[in-house]
Amino acid sequence: MLTMEQDYDAHSIEKKWQRSWSESRIFEPEPDEREKFFITIPYPYLNGNLHAGHTRTFTIGDVIARHKRMLGYNVLYPMGFHVTGTPIVGLAELIENNDPQTMDVYSRLHRIPDEILRTLTTPERIVEYFSVEAEKAMRYIGYSIDWRRKFTTTDETYKKFIAWQFDLLHDKGLIVKGAHPVKWCPNDNNPVEDHDILHGEEATIVDYTLIKFRHDGIVLPCATLRPETIFGVTNLWVNPEVDHAKIRVSRDGVEEIWVVSHQAYRKLTFTDRTVEFIENVPGRDLVGIKLKNPLSGNDMITLPASFVKPGNGSGIVMSVPAHAPYDYLALKDLYGKDLSEYGIKEDIRNIELISLIKAKDFGENPAVEAVEQLGVKDQNDPKAEEATKTVYRREFHSGVLKENTGKYAGIAVSKIKDILTRDLLNEGIGEVFYEFSEPVVCRCGTPCVVNMVKGQWFLNYSNPQWKENVYRCIERMNIIPEEIRVEFNNKVDWLKDKACARKKGLGTRLPFDKEWLIESLGDSTIYMSYYIMNKFFSQGIREEQLTHSLFDYVLLGKGSVQQTTIDTGIPEKTIANIKSDFDYWYPVDLRSSGKDLVPNHLLFFLFHHVAIFDEEKWPLSLAVNGFVSLEGEKMSKSKGPILTLREAVDTYGADISRMYILSSAEQTQDADWRNAGVESAKKQVERFYKLAKEIIDSGSQPGIEGELKLIDRWMLSRLQQCIRETNNDMTSLRTRGALQNAFFLLYNDVKWYQRRGGSALLYDVLDTWVRLMAPFTPHICEEIWTSMGHKEGNFVSQAAYPIFCPRFIDNDAELAEELVCNTLSDIEEIIKVTKITPKMIALYTSSQWRSKALKMALKMKNEDDLNPGKLIKTLMSDPENRKYGKEIPKYVQKLVPDIASMKTERFETMLGMKLDEMTILKENIACLENEIGCPVQVYSADEPDYDPQNKARLATPLRPAIYLE
RNA sequence: GCGGGAGUAACCAAGCGGCCAAAGGUGGUAGACUCAAGAUCUACUCGCGCAGGCGUUCGGGGGUUCGAAUCCCUUCUCCCGCACCA
């Protein structure tokens, strides 16, 4: 048996147990008859050392893994390293160039020794260095990871696996070729990334629908975010003061002549259209043109408007006066104006507004109503903006298309855009046109444009069937916390095709188009299965043996062992083992991750699983946790501040760091790592250590001799409550709540138990307590565990986790304890208020009739028939009670609402209550006397031998009357 | 703009229709132990109260209810994501 050191030395304890775990290989699971639990955390991206954010996410994973393991599951918790993509390449360049900020941050904050940092000038060296460091760090903090399965995403074997995956997706038609819009600097002739941007970092690319209105072989395109309003277009707006460009536009073999603003012409040259300038067209030449609405066939005309800005959209605007306040105002401004200079003779008043949306709280013409309600004067009135927003918002949320939209009638405005745009595209009436939400300027000073990159490979996430399967997957999954389920569904809905290959960076070549590299989010979607296979691959299987047929057989069950052996040269037995391992471990039981990965990695993880695997291999649950900041400041890998995992463990120790990070915030909430907070966690752990040592040193033994005292039963009961709550919290990954129960509340209860003279159960309580805490602070728990006499090799990490045992719940013991506590605090309060120093205290327990009344009331409520009148009558019918005739109704009047409003749980406890208050109080006289410091006497209110102030009549059940002398 | 989330006592934070003036932890105050400090333990920590009580609180306003921190409406403030980047 090990003897605990006097003082808690985190580092020596932790080192010892880490070595012990590693030597005994207890975290290297193999399939067996137990139920399995496969938990994975996204592998870290290695452009720096692991930091506090990783610490939180990985520790959650480890705590869950340890909890499940102790519950009897066969748990697999593996880890790998992600290096695909450009940042590591970029970092190598920065180090090569001795970039001052980078060198500073990486030496000071990532704590890389200078002589090593200087050598990290290639991506390979960076990957090598950080992967070694990351593994060391994860071992230092005591994660129960099976390290036999680790890999890096640039391993040749991994690349074979990724190539297989992408060939498969390609064959399934889920990878398609297309063009996609990027922020582009025409001067640098390059895409701009966020850090290249001078202004407009917030800008997003918005997809407008371009509606092509035709006149005499010429197209006047209008860009709109609301293509459905095309049904309500009465005219187009052209700014007569602005020069326009007539251009030849061709795409996909179709050639058209367009007229747009010069700015729009320039933008068009960056799209996937071929554009050629023909001539300049003054704006006024475009006014007064007659055209037809391409959808409704209505006659329309172009009208002059000064509000039209040539830099927005195409420079030509469609007018929907029934629904757009600006259009209505501009139209009204023209009423009665002489437009003959544009060759317009018609009276503008004859233009009829066309209403096409029915929205809540609006009548026929929402724009008119909004303008009138807000009293907007004209198109230059600032309130016009407000009117526009109001109409837009209300129509978007509650609007439905009217009959005059033909086959679209009845569709909600919020749903119509995609449907209609697709139809307009197909009919050649519309096109898509991208524009920034705000101007974007490159660092070089050049205004940026949206450029279409051609020949790009996409994962076809917009595919409705694919999405349908993902929805189904989410529906049957356990999402933790449940509130984020809706967010997942929203994100699936929002997801469009995703470019999945680039030209730069580390990674795997696209197998069917070798000039492209698979992008990092695509090669990290189903790699959890690779952990299972890699245990075999790393034992001498060469990459050329990893044929498609091997993966087909192992992961999809296609083909046969025999054929796969012929293809790969891998023995049948090995292949069969790989497959049976896969079938044992898969699917992923829980994937837990930081919330930043929701709209990307976690989504793709689901998409790829449903695309590749059979339903029974789809992931079962997903959990998400919040970020970590440092003393209120956001962390940044490249700029700081940053706290590495190593630094935290070096400073505070593994157990303290683990406990602190998990106790400081729950689930999706962000945690703030604060020095003061860790310091207090340190105190808590030390206190735990001391108390455990004290209990062990006192020679406390398991089991109990003789009868349990009330306080023992109380302790057992409380312990069960803690066990129940801790397990409940763990099941939903509420680590903070779990610690609250398993540590703080239990600690207080144990202290109270000791204070009340309890001692018999200390060993057993500690035994349970150590197991409750083991997932959180495993090292110290191993130390205490062996010190308690558990044999060597008998790890607490493998002990049975305490589970709730209802037979130890003792409501009476808890109520009795409550009675004593409440009585004590009542006495203390009276002392405080009256400032009396009592020489003697008399307690009077409730009179019989009140106890009866309470019982009766509880019974009535139980029978759902709680009725004050009836209760009074019943009580009065007992001749014994007659003498209390005046008090009974009073008491009942107070009692009934109390009982009526009781929580179920409390009610049930009360209902089953069998307490003899007199005995309990008498038993605890010593305790009360000790706490207050004067003699205490207990009487029954029915026959108080001594009651000078007539207090006894105030006594009620569970609340004795008190007299201070 | 769209979508998601949050606002609780000095601070972090639980509670999400009724023993809620509101768990737990920090910090603070007082006391015990100690030569002293630390650690530990005990009490108090919204206000008022010479008998266990009362009054005002849970971003602001309004409502539902016998009863609201908890439900509904409205308003303000803050955080996160909006893509080809890990």
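Naming convention: chains lettered A, B, ... in sequence-line order (proteins, then strands); numbering from 1 in each chain. Every heavy atom of this structure was used, including side-chain atoms; hydrogens, water molecules and symmetry mates were not.
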Asker: Tell me what K637(A) touches on the nucleic acid: a base, only sugar-phosphate, or nothing, going by heavy atoms under 4.0 Å.
Answerer: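 The answer is nothing, as K637(A) stays clear of every strand by at least 4.0 Å.
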Asker: Could you identify the nucleotide paired to rA51(B), looking across every strand shown and requiring Watson-Crick or G-U wobble geometry with both distances under 3.5 Å?
Answerer: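 Answer to the pairing question: none, since rA51(B) forms no Watson-Crick or G-U pair.
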Asker: Nearest to the side chain of K683(A) - rC12(B), rC50(B), rA39(B)?
Answerer: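 Within the option list, the nearest is rA39(B).
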Asker: What is the separation between atom CD on E483(A) and atom C1' on rG5(B), rounded to the nearest whole Å?
Answerer: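 Roughly 9 Å, once rounded to whole Å.
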Asker: What pair of heavy atoms forms the shortest contact from A671(A) to R56(A), and how long is it?
Answerer: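 For A671(A) and R56(A), the tightest heavy-atom pair comes out as N-NH1, 3.5 Å.
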Asker: Taking the P atom of each, how far is rC66(B) from rC76(B), in whole Å?
Answerer: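 Rounded to whole Å, the distance is 32 Å.
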Asker: Does rG53(B) have OP1 or OP2 sitting under 4.0 Å from an N or O in the side chain of R959(A)?
Answerer: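 Yes.
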Asker: In whole Å, what separates the C1' atom of rC35(B) from that of rU45(B)?
Answerer: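 Rounded to whole Å, the distance is 31 Å.
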Asker: Let me confirm one number: the CG-CG distance from L819(A) to L824(A), rounded to the nearest 0.5 Å.
Answerer: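 If I round to the nearest 0.5 Å, the distance is 11.0 Å.
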Asker: Start at the 5' end of RNA chain B and walk down; is the nucleotide closest to F744(A) or to S825(A) reached first?
Answerer: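 Per heavy-atom nearest nucleotide, the more 5' residue is F744(A).
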Asker: So, is Y660(A) near the phosphate of rU26(B), with a side-chain N or O under 4.0 Å from OP1 or OP2?
Answerer: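 Checking Y660(A) against rU26(B): no side-chain N or O falls below 4.0 Å of OP1 or OP2.
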Asker: Hey, does F458(A) reach any base, or is it just sugar-phosphate, or nothing, if we go heavy atoms under 4.0 Å?
Answerer: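 No contact.
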Asker: At 4.0 Å (heavy atoms only), tell me whether L745(A) reaches a base, stays on the sugar-phosphate, or touches nothing.
Answerer: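 Since only primed, P, OP1 and OP2 atoms lie under 4.0 Å of L745(A), the category is sugar-phosphate.
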Asker: What's the gap between rG62(B) and rC79(B) when it is taken at their C1' atoms, as a whole Å value?
Answerer: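 My reading of the C1' atoms in rG62(B) and rC79(B) gives 27 Å.
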Asker: Roughly, in whole Å, what's the span from OH in Y208(A) to P in rG1(B)?
Answerer: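 So the OH-P distance, Y208(A) to rG1(B), works out to 15 Å.
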Asker: Select base, sugar-phosphate, or nothing to describe what S663(A) touches, counting heavy atoms under 4.0 Å on all strands.
Answerer: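 Touches nothing.
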Asker: How close or far is atom P of rA6(B) from atom CG of D672(A), stated in whole angstroms?
Answerer: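 D672(A) atom CG is separated from rA6(B) atom P by 19 Å.
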Asker: Counting any heavy atom closer than 4.0 Å, what does I484(A) reach on the DNA or RNA strands: base, sugar-phosphate only, or nothing?
Answerer: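 Contact class for I484(A): none.
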Asker: Distance check needed: rG49(B) P versus D826(A) CG, whole Å only.
Answerer: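 Taking atom P of rG49(B) as the reference, CG of D826(A) is at 20 Å.
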Asker: Which whole number of Å gives the distance between the P atom of rC50(B) and that of rU65(B)?
Answerer: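 One P to the other, the span is 40 Å.
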Asker: Give L964(A) one of three labels, base, sugar-phosphate or nothing, depending on what nucleic acid heavy atoms sit under 4.0 Å from its own.
Answerer: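 Contact class for L964(A): base.
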Asker: P atom, rU70(B) versus rC16(B): distance in rounded Å?
Answerer: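 12 Å, rounded to whole Å.
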Asker: Reckon N489(A) has a side-chain N or O less than 4.0 Å from the OP1 or OP2 of rG3(B)?
Answerer: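 So the side chain of N489(A) is outside the cut-off, no N or O lying under 4.0 Å from OP1 or OP2 of rG3(B).
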Asker: Look at the side-chain N and O atoms of Q669(A) and state whether any lies under 4.0 Å from the OP1 or OP2 oxygen of rC79(B).
Answerer: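 Checking rC79(B) against Q669(A), no side-chain N or O comes under 4.0 Å of OP1 or OP2.
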Asker: What does L225(A) touch in the nucleic acid at a heavy-atom separation under 4.0 angstrom: a base, only the sugar-phosphate, or nothing?
Answerer: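 Answer is nothing: L225(A) stays at 4.0 Å or more from every strand.
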Asker: Do the side chains of E817(A) and R756(A) get close enough for a salt bridge, i.e. N-O under 4.0 angstrom?
Answerer: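 Looking at R756(A) together with E817(A), the answer is yes, because their closest N to O distance falls below 4.0 Å.
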Asker: Are Y527(A) and Y43(A) near enough that their ring centres are under 6.0 Å apart?
Answerer: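 Ring centres of Y43(A) and Y527(A) closer than 6.0 Å.
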Asker: Can you name the nearest heavy-atom pair linking M452(A) to D272(A), along with the distance?
Answerer: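 That closest heavy-atom pairing would be CG-N, 3.6 Å.
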Asker: Considering only the C1' atoms, how many Å lie between rG52(B) and rG61(B), rounded to the nearest integer?
Answerer: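 38 Å, rounded to whole Å.
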Asker: Between C1' on rU40(B) and CD on Q6(A), what's the gap in Å once rounded to a whole number?
Answerer: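 These atoms are roughly 13 Å apart.
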Asker: For rC11(B) versus rC46(B), give the span between their C1' atoms, rounded off to a whole number of Å.
Answerer: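 The same atom, C1', in both gives a distance of 16 Å.
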Asker: If you draw the axis of the six-membered ring of F458(A), does the NZ or CZ of K498(A) fall within 45° of it and under 6.0 Å from the ring centre?
Answerer: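 Pair K498(A)/F458(A) does not count as cation-pi.
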Asker: Looking at every strand, decide which applies to Y747(A) at a 4.0 Å heavy-atom threshold: base, sugar-phosphate, or nothing.
Answerer: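 Touches sugar-phosphate only.
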Asker: Please determine if D729(A) and R736(A) form a salt bridge, counting it only when a charged side-chain N lies under 4.0 Å from a carboxylate O.
Answerer: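 Judged by the 4.0 Å cut-off on N to carboxylate O distance, D729(A) and R736(A) do not form a salt bridge.
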Asker: Looking across every strand, which nucleic acid part, if any, lies under 4.0 Å from Q740(A) by heavy atom: base, sugar-phosphate, or nothing?
Answerer: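 Since a base atom lies under 4.0 Å of Q740(A), the category is base.
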Asker: Mind checking if D7(A) touches a base, just sugar-phosphate, or nothing, with heavy atoms under 4.0 Å?
Answerer: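 D7(A): no heavy atom of the nucleic acid under 4.0 Å.
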Asker: If you look at every strand shown and take non-hydrogen atoms under 4.0 Å, does P44(A) touch a base, only sugar-phosphate, or nothing?
Answerer: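 Nothing, no heavy atom under 4.0 Å.
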Asker: Could you check whether any side-chain N or O of D947(A) sits under 3.5 Å from a backbone N or O of A952(A), counting only pairs where one atom can act as donor and the other as acceptor?
Answerer: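 Yes; judged by distance alone, with no hydrogens or angles, the pair exists.
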Asker: E931(A) or C500(A): which one's nearest nucleotide on RNA chain B is closer to the 5' end?
Answerer: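 By nearest-heavy-atom nucleotide position, the 5'-most residue is E931(A).
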Asker: What is the distance from CG of D898(A) to C1' of rC20(B), rounded to the nearest Å?
Answerer: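 Taking CG of D898(A) and C1' of rC20(B), I get 14 Å after rounding.
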Asker: For F627(A), is the NZ or CZ atom of K595(A) found under 6.0 angstrom from the centre of its six-membered ring and inside 45 degrees of the ring axis?
Answerer: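 Verdict for F627(A): a cation-pi partner in K595(A).
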Asker: Checking contacts here: which listed nucleotide (rA86(B), rG52(B), rA83(B)) is nearest the side-chain heavy atoms of K496(A)?
Answerer: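 Given the options rA86(B), rG52(B), rA83(B), the side chain of K496(A) is closest to rA83(B).
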Asker: Identify which nucleotide among rU26(B), rC84(B), rG52(B) has an atom closest to any side-chain atom of Q684(A), counting heavy atoms from C-beta outward.
Answerer: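 Of rU26(B), rC84(B), rG52(B), rU26(B) is nearest to the side chain of Q684(A).
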Asker: Rounding to an integer number of angstrom, what distance separates rA69(B) and rG7(B) when you compare their P atoms?
Answerer: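 The same atom, P, in both gives a distance of 16 Å.
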Asker: Once you apply a heavy-atom cut-off of 4.0 Å, does A681(A) come out as touching a base, just sugar-phosphate, or nothing?
Answerer: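 Contact class for A681(A): none.
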Asker: On the nucleotide rU26(B), are OP1 or OP2 found under 4.0 Å from the side-chain N or O atoms that S680(A) carries?
Answerer: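 So the side chain of S680(A) is outside the cut-off, no N or O lying under 4.0 Å from OP1 or OP2 of rU26(B).
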Asker: Between rA86(B) and D596(A), counting only base atoms on the nucleotide and side-chain atoms on the residue, is there a donor-acceptor pair under 3.5 Å?
Answerer: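 No.
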Asker: Taking CG from N748(A) and C1' from rA43(B), how many angstroms apart are they, rounded to a whole number?
Answerer: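 N748(A) atom CG is separated from rA43(B) atom C1' by 14 Å.
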Asker: Under 4.0 Å, heavy atoms only, any strand: does R755(A) hit a base, just the sugar-phosphate, or nothing?
Answerer: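 Sugar-phosphate, no base atom in range.
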Asker: Let's see if you can work this out: which of rA14(B), rA86(B), rU26(B) has an atom nearest to the side-chain heavy atoms of R687(A)?
Answerer: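 Shortest atom-to-atom distance from the side chain points to rU26(B).
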Asker: Would you mind classifying the nucleic acid contact of K832(A) as base, sugar-phosphate or nothing, using non-hydrogen atoms under 4.0 angstrom?
Answerer: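 Base contact.
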